[in-house]
Each structure stands twice: as structure tokens, then as C-alpha cells.
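Below is one structure, written out as C-alpha cells, with a few remarks after it.
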Amino acid sequence: MSKNNYLTFAYFLSFSLICFPMAGYSQSEMDLLLFEKKNEAVSEEKPSTSLFSSLKGEKKEEKKENIDPNANANESWLKSLFKYGKKEILKTDEDAKAEEKIKETIIEKQKSNAAYFDISNVRLRMTPKEVEDVLIKQGYRKISENLEIPNFIEWRSEELCRINGIVGFERLNACATKIAKENGHQFVEKQIYSRYTTRETIEVNYSSSFTDNLSYRVFYKSTLPMSKSKASKNIYINNIKIFDFWRRIDLKYGKPDNASEIKWGMGGKKPYLQAKTGQLELFDPLLLSLDSTRMFNEDSRLSNTQYYTF
């Protein structure tokens, strides 16, 4: 290579080393300016969030600010509305009380009406003759019958006999009984029936003639012997007897309305049936109360009798 050629090559080499770095520097500076402008435009459109703020859940809080605070309440109210209806949601205290009364009435109606119950076909408010006919057909035998006169009627009859010259305890008693019987005040107070083959007894109590002498209490008792021995055989036999009694109770009367007292009835002064092993009692408190009230009214009426004429 000649000297001139060598100088020419050196000149072009030095020129390229100076120009190309400056061009690259200008290009990179231009790219940097364009990237910064692009980032500024993006930052104006949407604020940037740091990694720390995103970890703290600031984005979730921004979303929550747009949620209606009453949305859950409205949603639950709507669910209740669809589930229970408008009347249930908007009902007043008076509506609630009325509904409670209706529920109580329904419960009362579901209870047993013991007025229609019977013990060996003997029901409440039967006459002595009706009771006797029913029990005799079932093999029972009447072993006793008590006749009674209301006290105030008996005492007034005795006084009337005494005024008419009757003396002596037996004669006064006979005279008072005759007057009461003639006026329809003597009544059957109690009857006792027994069936010896099965060792069962039925006692029936009656109201006075002021309420037509009707049965207000029927008491059943089984005198079937229960062994007191603790031998396995005797315990087994006793359990069979007890089981058979309660099985028959369940078949005839169903589940008691008051399980703790083993009692059927609608409560208050209404008729009820109560049971315990080997015993049954059918009772009508309303009839007994009515009988007492009518006797009291009759006594008050007779109290107006005038003994003096001055």
C-alpha cells in the first residue's frame, strides 16, 4: 500500500468514528423524549398506583366508595318481601295480637273435648237410669245407690214439719224427706257398679234436681292385684298388666293434651279426663258449678218468705 492510500484510509476511519457515535446519541435522545411524553399522557389519563398502595388495598377502597351503603338492607328487605309477603313485613302490633289470638283459638280447637269421652260407655251428663242400663249390659252390677236432698231444702222442710206439730228426730226426718220428694228435690247423688270377673269398679256422681240430676263425675278403678314381690316372674306379669292398661288408653283416647298430668281436655271449667295406672276420672266442673249456682239462687228466693204479718 502506497503512502497516499494509507493516509486516505486513515482519514475515512477517523471520520466514521466521530460521526457514528454522535448519530447514535441523537437517536437515543430522541427516543427518550418520545417515551417521556408518552408516560406524561398516560399519567394524565389514569393516576398511577404504587406497589405499596395496591398491597394495602387502596384500589378496593376506591371501588367500595361507589357502592350504595343501603344495598344490603334493600336486598334483605326484598328477600323478606318475597319470602313472607307484604302483610308480614308491614303488620302492626294490633295485627300481631290478632294473629296470636287466632293461633290460640286454633290450639284450643286442636285439644280434646272430653265432653264426648266415655268410660265403659258411660258419658258425662247421663241420667242415673241411662248409666244403669249401659253398665248392666256390660256385666256390671249396681252395689249401692245414695239418695240426697240439698241441705237448705231439708232444713226448711224440717222447720215446716215442726211448725205443723211433728216432733222427734226420726219423725221429723221422715216428714222432711216426704216433703222434699213430693216437691222433686230428692235426687240420686252417687251410684257404685262393680264387675267381679275383671275386678273393675265404676263410681258415678250426679248433680241435684236443679240441673236434672245428671252425671258430672265418672270414676273408674281396677282392683286387679299387683304383686309386691321382686321376683323376675312377678315383675314380668306386673309389667304386662301396666302395659296393657296404657295401650288401651292410647287406643281409646289418643295422646293427652297435658302430658305431665296425663290429662285430656280444653282447660278452664270445661270437662276433662285424667288417668293414672289402674284409674280414670272423667269430670265436668262446669255442671257442678252450675248446680251450685242454681241452688244458691233458689235459696235466695226462699229467703224472701215472710214469717211475720205485722
Side-chain angles (χ1 to χ4, degrees), residues 114-138 140-195 201-221 268-274 280-310:
Y116 297 101
F117 283 10
D118 70 88
I119 298 175
S120 296
N121 294 329
V122 178
R123 299 187 306 276
L124 294 170
R125 305 199 179 193
M126 292 179 71
T127 65
K129 183 66 170 61
E130 290 173 338
V131 171
E132 183 176 0
D133 292 342
V134 166
L135 291 179
I136 292 297
K137 288 180 181 179
Q138 298 181 66
Y140 282 89
R141 182 178 177 183
K142 184 168 67 176
I143 59 176
S144 70
E145 181 176 271
N146 297 344
L147 300 176
E148 190 60 75
I149 300 170
N151 288 335
F152 73 97
I153 295 293
E154 184 179 4
W155 297 334
R156 290 176 183 276
S157 299
E158 286 181 0
E159 182 63 19
L160 184 61
C161 292
R162 190 177 292 109
I163 291 173
N164 287 283
I166 304 297
V167 294
F169 175 77
E170 291 182 359
R171 293 182 65 189
L172 279 173
N173 188 27
C175 178
T177 301
K178 182 180 178 181
I179 293 174
K181 188 175 182 179
E182 288 175 352
N183 293 323
H185 294 307
Q186 189 180 50
F187 64 95
V188 178
E189 180 196 26
K190 181 171 67 175
Q191 290 177 329
I192 298 178
Y193 295 86
S194 181
R195 185 161 62 183
T201 302
I202 294 179
E203 179 181 309
V204 186
N205 295 88
Y206 299 91
S207 63
S208 73
S209 56
F210 290 100
T211 48
D212 302 324
N213 198 197
L214 303 176
S215 59
Y216 70 86
R217 179 177 178 264
V218 182
F219 180 73
Y220 167 91
K221 184 178 181 180
K269 290 187 176 182
K270 296 178 181 179
Y272 67 82
L273 173 74
Q274 193 164 15
L280 283 171
E281 183 182 33
L282 188 58
F283 193 81
D284 188 352
L286 182 60
L287 178 59
L288 187 60
S289 177
L290 179 62
D291 190 48
S292 299
T293 301
R294 289 186 178 180
M295 284 194 286
F296 175 79
N297 293 337
E298 179 66 13
D299 186 29
S300 300
R301 186 184 68 82
L302 294 174
S303 296
N304 295 324
T305 302
Q306 295 183 1
Y307 289 97
Y308 312 98
T309 60
F310 61 84

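All figures in this text were calculated on a predicted structure; none of them were measured in a lab. Along the sequence shown, the residues carry numbers beginning at 1.
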For the [atom1] atom of [X] and the [atom2] atom of [Y], what is their distance to the nearest 0.5 Å?
| X | Y | atom1 | atom2 | answer |
| --- | --- | --- | --- | --- |
| I202 | K221 | CD1 | NZ | 13.5 Å |
| D118 | Y220 | CG | OH | 13.0 Å |
| K137 | L135 | NZ | CG | 11.0 Å |
| R141 | I143 | CZ | CD1 | 9.0 Å |
| N164 | I179 | CG | CD1 | 7.5 Å |
| F210 | T293 | CZ | OG1 | 12.5 Å |

Residues R162 and E159 bridged, charged N to O under 4.0 Å: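 Salt bridge present between R162 and E159.
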Electrostatic pair E132-K129, nearest N-O below 4.0 angstrom: no
So which heavy atom on [X] is nearest to which on [Y], and how close?
| X | Y | answer |
| --- | --- | --- |
| M295 | F152 | O-CZ, 3.6 Å |
| T201 | I192 | CG2-CG2, 3.8 Å |
| P285 | P271 | CD-CA, 4.1 Å |
| E158 | A176 | CG-CB, 3.5 Å |
| I119 | L280 | CD1-CB, 3.8 Å |
| L172 | I166 | CD2-O, 3.4 Å |

Side-chain contact test, heavy atoms from C-beta onward, threshold under 4.5 Å: evaluate it for [X] versus [Y] and give yes or no.
| X | Y | answer |
| --- | --- | --- |
| T177 | E154 | no |
| T127 | L214 | yes |
| M126 | V134 | yes |

Y140/S120 under side chain to side chain contact (heavy atoms under 4.5 Å, CB included): CA gap, chis, key distance, verdict: CA-CA 10 Å; Y140 282 89; S120 296; 3.7 Å; yes
Trace of the side chain to side chain contact (heavy atoms under 4.5 Å, CB included) decision for Y193 with V122: CA-CA 12 Å; Y193 295 86; V122 178; over 6 Å; no
Test side chain to side chain contact (heavy atoms under 4.5 Å, CB included) applied to L302 and I153, step by step: CA-CA 10 Å; L302 294 174; I153 295 293; 4.3 Å; yes
Summary of side-chain hydrogen bond (donor to acceptor under 3.5 Å, both in side chains) pairs that have at least one residue in residues 203-216, sequence neighbours excluded: Q191-Y206, E203-R217, N205-R217, S207-T211, S208-D291, T211-D291
Residue K142 excluded, over 12 heavy atoms near NZ under 6.0 Å: yes
For F219, all residues meeting ring-ring contact (aromatic ring centres under 6.0 Å, His included), sequence neighbours excluded: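 F219 satisfies ring-ring contact (aromatic ring centres under 6.0 Å, His included) with no other residue.
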Salt bridge (charged side-chain N to carboxylate O under 4.0 Å, His left out): pairs with one or both residues in residues 177-189, sequence neighbours excluded: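 The answer is none; no pair qualifies.
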Side chain to side chain contact (heavy atoms under 4.5 Å, CB included) evaluation trace for F187 with E148: CA-CA 6 Å; F187 64 95; E148 190 60 75; 3.8 Å; yes
